[in-house]
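Encoded as C-alpha cells, the structure appears first; notes follow it.
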Amino acid sequence: MKNREIAQIFYEMGEILEIKGDNPFKIRAYYKAAQNMESLTEDIERIVQEDRLNELPGIGVKLALKIKEYVTTGKLRAYEKLKKKVPSGLIKILSVPGVGPKTAKLLYEELKIDSIEKLKKAAKEHKISQLPHLKEKTEENILRGIEIIKRGMERMPLGVALPLANEIVGALKKLPEVKEINPAGSLRRKKETIGDIDILITSTRPAKVMDVFTNLPCVSQVIAHGETKSSILTKEGIHVDVRVLNPRNYGAALQYFTGSKEHNIALRTLALKKGLKISEYGIFNKRSGKRLAGEKEEDIYKILGLSYIEPELRENQGEIEAAKANRLPKLIEESDIRGDLHIHSNWSDGSASIEKIVEAARKRGWEYVAICDHSKSLKIAGGLSDKELKEQIKEIRKLNKRLKGFRVLAGIEVDILKDGTLDYSDELLRQLDFVVAAIHSGFKQSREQITKRIVKACENRWVDVIAHPTGRLLGERAPYEVDLDKVIKVAKHTGTFLEINAYPKRLDLNDIHSRKAKEGGVKISIGTDAHTLDQLDYMTIALTAARRGWLEKKDVLNTLPVDRLLKKLKRNK
DNA sequence: GCCGTTTTCGGCCCGACTGTTTTCAGTCG
C-alpha cells in the first residue's frame with residue numbers, strides 16, 4: 001500500500017515549495033493532495049490500475065501523472081529534483097514553532113543554518129538578531145520553540161490525553177463561575193494521537209477561572225496567563241490551552257476550534273458559494289454583514305443546509321457531501337455495546353479471575369464477555385496448554401449454569417504461528433464458543449508471508465475474528481506488512497470478523513481501516529484486550545476508532561444479543 | 001497545483017497575535 005508513501009512525498013514537496021517561496025496556492029494543492037492520500041480508504045495502486053485517479057478530489061492532471069509515475073516506477077523525478085534545491089535539514093527547521101518558510105529561508109541564506117543544532121547555536125550566539133526584521137525576542141522564541149520540540153512535541157495516544165483532559169475539565173467544571181466547558185481540537189474529534197489539549201469555556205469571571213487553571217496540581221509550567229487565554233505545560237510535558245469565550249460566540253468558536261482545518265476550509269468554501277461567511281464569531285451574510293447565528297454549533301451546519309456532523313467525522317473525507325445529501329451514518333454509541341469480545345483472565349497473563357471479570361462487566365451493563373486467554377506458544381504470557389484450555393472450557397460451562405442473564409463465552413486468542421498454522425488443533429478450537437486469532441511473532445516477515453498467514457487463519461472454519469490485524473504499537477512499533485485489501489476480501493468471503501482492539505497503543509484496525517472494512521462488507525468485532533478489570537474502560541477508546549471509521553450499530557458484532565451474535569459465526573452456520 | 005449552472009481564467013478560508021514596525025509581514029490555529 002503506497003498511499004502513505006505518496007502522502008509523505010507530497011507533504012515534503014509542499015514544504016520545499018514553501019521554502020522556495022513558490023505560489024501559495026500550488027503549495028496548498030500539494031498539502032491537500034497529501035491529506036487526501038493519507039486518509040484514502042482504497043489502495044492507490046488499484047486506483048491507478050483501474051485508471052480512476054480522476055475520481056479523486058484535489059488530484060488533477062499533473063498530480064495524477066506524478067502518482068502514476070511513483071506507483072509504476074517506485075520513484076518520482078519531480079520530487080528527486082526538488083529535493084536537490086533545498087538542504088534536508090532546512091525542512092526540519094520548519095518544525096520549530098515560530099519559524100516559518102520565510103524565516104527558514106532567510107536563516108539559510110544569511111547564516112547557512114540547515115539543522116536544528118545550528119539554529120540553536122546561532123540563537124545562543126545572538127547571530128540571528130543581527131538579521132533584518134529579527135531581534136532578541138525572536139531568538140528567545142526560537143530557543144523556546146526548540147525546547148518544546150525536544151520535550152515532546154510528539155503526539156500522545158488518545159488513551160493518555162483523554163483521562164488528563166477529563167481531569168482538567170472535571171476540576172474546572174466544579175467552579176460555579178464556569179458555565180459551558182468543552183474540549184475542542186483533535187481531542188474532541190477523538191483522533192488516535194493528540195498534539196495538545198484545547199479547552200473552551202464560557203464564564204462570568206474569566207480571571208478567576210484562569211487563576212484556578214494555572215494553579216492546578218498537574219501544572220508544571222505556566223506559559224501564558226491572560227484574561228481570556230492561558231497555556232500551561234503539565235508534568236508529563238503536555239501543552240494545555242484554556243480559552244474563555246463570549247457565550248454569544250460559543251457555538252461558532254467550538255466549531256472553529258474543533259476543526260479539522262481541512263473540514264473548516266471546506267465548510268468556509270461552501271459558505272462562500274452560498275453568499276455566507278464563517279468565522280469563530282459566527283456565520284454571517286457576506287454582503288450585509290448581518291450575523292445569522294453563532295451561539296449554537298448546530299446552527300452553523302443548519303444554515304449551510306447540512307445535517308449536524310459529529311466531531312469524529314470532521315476530516316473533510318466526504319462528511320460534508322454526505323451531510324448535504326442527508327446521508328450521514330448514525331454513528332455507533334458506547335451504549336450500543338452489549339459485551340466485550342476479547343478479555344484475558346488470570347488463567348494466562350491477566351490479573352483478574354473470570355468471576356471478577358463477570359462482575360465488572362455486569363456493572364457496565366454488559367450481557368456477555370468472551371474470555372480469550374493466550375495460547376500455548378506464547379509462553380511469556382502464560383499461554384494455556386491443551387489440557388489447561390480444556391479445563392478452562394469446563395470451568396466456564398459450570399459458571400454459566402450459575403449465571404442468570406449473563407453469558408461467558410469460552411474463547412481463546414490463538415496464535416497464528418510463523419508458518420500460518422494455528423497453535424491448537426481444529427478439534428480443540430471446535431470445542432470453544434469464540435476464537436480470535438492473532439499474530440504475535442514473525443513481525444518482520446514479508447508482506448506476502450504475513451498476508452498468507454492471516455488469509456489461512458480466515459479460511460479456518462473455527463476462527464471467528466482476526467485480532468489486532470495490523471500489529472502496530474503507537475509510537476513503538478510500525479504495523480507489520482499486510483495486504484489489508486486482500487484480508488478484507490477473504491474475511492468477507494469466509495465470514496470472518498476483523499477486530500478493533502481497544503488497547504490504546506494498538507487501536508487497530510484504526511479509523512481508516514475500519515471504514516475500509518465496512519466498505520468491503522466486513523463486520524467488526526470490538527475487544528478491549530483487557531488484562532486488568534480497569535482496562536475494560538478501554539471500550540471507550542475503541543469506540544473512537546469505530547466512530548471515526550463511520551461505523552454504525554449494525555456494523556459491529558458485539559452490539560447484538562448473545563444468541564444472535566453466536567448465529568452470525570461461521571462455525572454455527 | 002486544482003477547479004468550475006456565476007468562471008476554462010482567475011479565483012483559491014479567516015482572523016488574531018507577535019515582533020517589528022509607524023502600516024505590515026510572517027506565523028499560527
Side-chain angles (χ1 to χ4, degrees), chain A residues 10-11 13-14 16-37 53-67 78-79 82 93-107 128-129 131-142 144-145 148 153 184-189 195-198 200 223-224 226-229 231 239 241 243 245 249 252-284 286 289 294 300 304 316 320:
Chain A
F10 284 171
Y11 275 127
M13 289 178 84
I16 297 172
L17 291 170
E18 256 193 291
I19 292 171
K20 283 182 61 205
D22 214 310
N23 176 357
F25 298 106
K26 179 173 167 181
I27 293 161
R28 192 179 297 166
Y30 271 96
Y31 285 143
K32 213 172 168 179
Q35 210 248 339
N36 284 336
M37 292 302 307
L53 281 173
N54 57 350
E55 290 173 10
L56 300 181
I59 306 294
V61 177
K62 290 189 173 175
L63 285 179
L65 277 174
K66 291 192 171 74
I67 292 173
Y79 170 58
L82 207 53
I93 293 182
L94 280 180
S95 65
V96 178
V99 178
K102 295 283 174 359
T103 314
K105 194 178 175 195
L106 184 72
L107 290 170
I128 291 173
S129 54
L131 297 174
H133 302 296
L134 301 174
K135 287 237 150 65
E136 287 83 6
K137 197 86 184 170
T138 310
E139 282 178 340
E140 283 171 32
N141 284 341
I142 286 175
R144 199 179 315 147
I148 289 176
M153 266 290 285
S186 52
L187 187 77
R188 183 161 180 247
R189 301 200 312 281
D196 49 27
I197 296 175
D198 229 331
L200 306 183
I223 297 169
E227 178 80 357
T228 60
K229 187 192 163 198
S231 302
H239 188 120
D241 283 343
R243 291 166 210 270
L245 299 155
N249 309 331
L254 186 58
Q255 195 288 317
Y256 172 77
F257 284 110
T258 297
S260 67
K261 195 175 165 190
E262 291 73 22
H263 173 86
N264 285 353
I265 289 173
L267 219 56
R268 285 170 187 215
T269 309
L270 175 66
L272 278 184
K273 278 188 199 151
K274 293 179 179 273
L276 303 166
K277 194 185 71 159
I278 307 174
S279 76
E280 57 262 52
Y281 297 107
I283 180 163
F284 304 86
K286 190 160 189 185
I300 310 279
L304 289 169
N316 195 27
I320 293 175

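Nothing here was measured: the structure is a model prediction, and the numbers come from that model. So that the names make sense, note that chain A is the first sequence line, chain B the second, and so on, each numbered from 1. All values below were derived from every heavy atom in this structure, side-chain atoms included, with hydrogens, water molecules and symmetry-related copies excluded.
The CD1 atom of A:Ile283 sits 12 Å away from the P atom of B:dC14 (whole-angstrom rounding). The interatomic distance linking A:Leu270 (CG) with B:dC14 (P) rounds to 13 Å, in whole Å. We find that CG of A:Asp22 is positioned 13 Å from P of B:dC2, with the value rounded to whole Å. Going from atom CD of A:Glu262 over to atom C1' of B:dC13 covers 12 Å, rounded to whole Å. Atom-to-atom, CG of A:Asn249 to C1' of B:dA16 comes out at 14 Å; the value is rounded to the nearest Å. Across the protein-nucleic acid pair, A:Ile278 atom CD1 and B:dC14 atom P stand 9 Å apart, rounded to whole Å. Between the NZ atom of A:Lys62 and the P atom of B:dC3 there is a distance of 13 Å, given to the nearest Å. As a whole-Å value, the separation of A:Tyr79 OH from B:dG1 P is 16 Å.
Across B:dT22 and B:dG4, the matching C1' atoms stand 43 Å from one another, rounded to whole Å. Remark: the separation of the P atoms in B:dT8 and B:dT18 is 44 Å, to the nearest Å. Using atom C1' as the reference point in both B:dC17 and B:dC3, the two lie 33 Å apart (nearest Å). When the P atom is compared between B:dC12 and B:dT5, the two are found 16 Å apart, to the nearest whole Å. Using P as the reference atom, B:dT6 and B:dC2 are 23 Å apart when rounded to the nearest Å. Annotation: B:dT20 and B:dC14 have their P atoms spaced 29 Å apart (nearest Å). Nucleotides B:dT21 and B:dG26 have their P atoms positioned 13 Å apart, rounded to a whole Å.
Under the 4.5 Å side-chain criterion, counting only non-hydrogen atoms from C-beta, A:Gln255 is in contact with A:Leu267. Under the 4.5 Å side-chain criterion, counting only non-hydrogen atoms from C-beta, A:His263 is in contact with A:Ile320.
Using a 4.0 Å heavy-atom criterion, one finds that A:Leu267 contacts no nucleic acid atom at all. Within the nucleic acid shown, A:Pro24 has no heavy atom closer than 4.0 Å to any nucleic acid atom. Using a 4.0 Å heavy-atom cutoff across all strands shown, A:Leu63 reaches sugar-phosphate atoms only and no base atom. Heavy atoms of A:Lys66 sit under 4.0 angstrom from primed sugar atoms or phosphate atoms, though from no base atom. Across all strands, A:Lys32 comes closer than 4.0 Å to no nucleic acid atom at all (heavy-atom distances). No engagement by A:Leu17 is indicated, since no non-hydrogen atom pair under 4.0 Å with the nucleic acid exists.
We find the OG1-NE2 distance between A:Thr138 and A:His133 to be 11.0 Å, quoted to the nearest 0.5 Å. Between the CG atom of A:Leu200 and the OG1 atom of A:Thr258 there is a distance of 7.0 Å, given to the nearest 0.5 Å. Taken to the nearest 0.5 Å, the NZ atom of A:Lys32 stands 11.5 Å off from the CG atom of A:Leu63. Separating the CD1 atom in A:Ile142 from the CD1 atom in A:Ile128 is a distance of 4.0 Å, to the nearest 0.5 Å. Separating the CG atom in A:Leu53 from the NZ atom in A:Lys66 is a distance of 13.0 Å, to the nearest 0.5 Å.
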Distance-only donor-acceptor hits, side chain of residues 16-24 of chain A, under 3.5 Å, sequence neighbours excluded:
{"residue": "A:Glu18", "atom": "OE1", "partner": "A:Tyr31", "partner atom": "OH", "Å": "2.7"}
{"residue": "A:Asn23", "atom": "OD1", "partner": "A:Phe25", "partner atom": "N", "Å": "2.9"}

| With the sugar-phosphate defined as primed atoms, P, OP1 and OP2, and the base as all remaining atoms, what B/S/- string results for nucleotides 21-29 of chain B, 5' to 3', for protein heavy atoms under 4.0 Å? | S----SSSB
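Out of B:dG19, B:dC14, B:dG1, the shortest distance to the side chain of A:Tyr30 is found at B:dG1.
Residue pairs meeting the salt bridge (charged side-chain N to carboxylate O under 4.0 Å, His left out) criterion with at least one member in residues 262-273 of chain A: none, sequence neighbours excluded.
Mapping A:Glu139 and A:Leu276 onto DNA chain B by nearest heavy atom places A:Leu276 closer to the 5' end of the strand. Ranked by how close their nearest DNA chain B nucleotide is to the 5' end, A:Ala64 and A:Phe284 are led by A:Ala64.
The side chain to side chain contact (heavy atoms under 4.5 Å, CB included) search around A:Asp241 returns A:Asp198, A:Lys229, A:Ser231, A:His239, A:Arg243, not counting sequence neighbours. Among residues two or more places apart in sequence or in another chain, the ring-ring contact (aromatic ring centres under 6.0 Å, His included) test is passed with A:Phe10 by A:Tyr30.
For B:dG19, one of the phosphate oxygens OP1 or OP2 lies less than 4.0 angstrom from a side-chain nitrogen or oxygen of A:Asn141.
Figure legend. B:dT8 is base-paired to no nucleotide; pairs are counted as Watson-Crick or G-U wobble with both atom distances under 3.5 Å.
Under the 90° criterion around 0 for the glycosidic angle, B:dT7 counts as syn.
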Report all interatomic pairs (protein N or O, nucleotide N or O of nucleotides 6-12 of chain B) with separations under 3.5 Å.
none

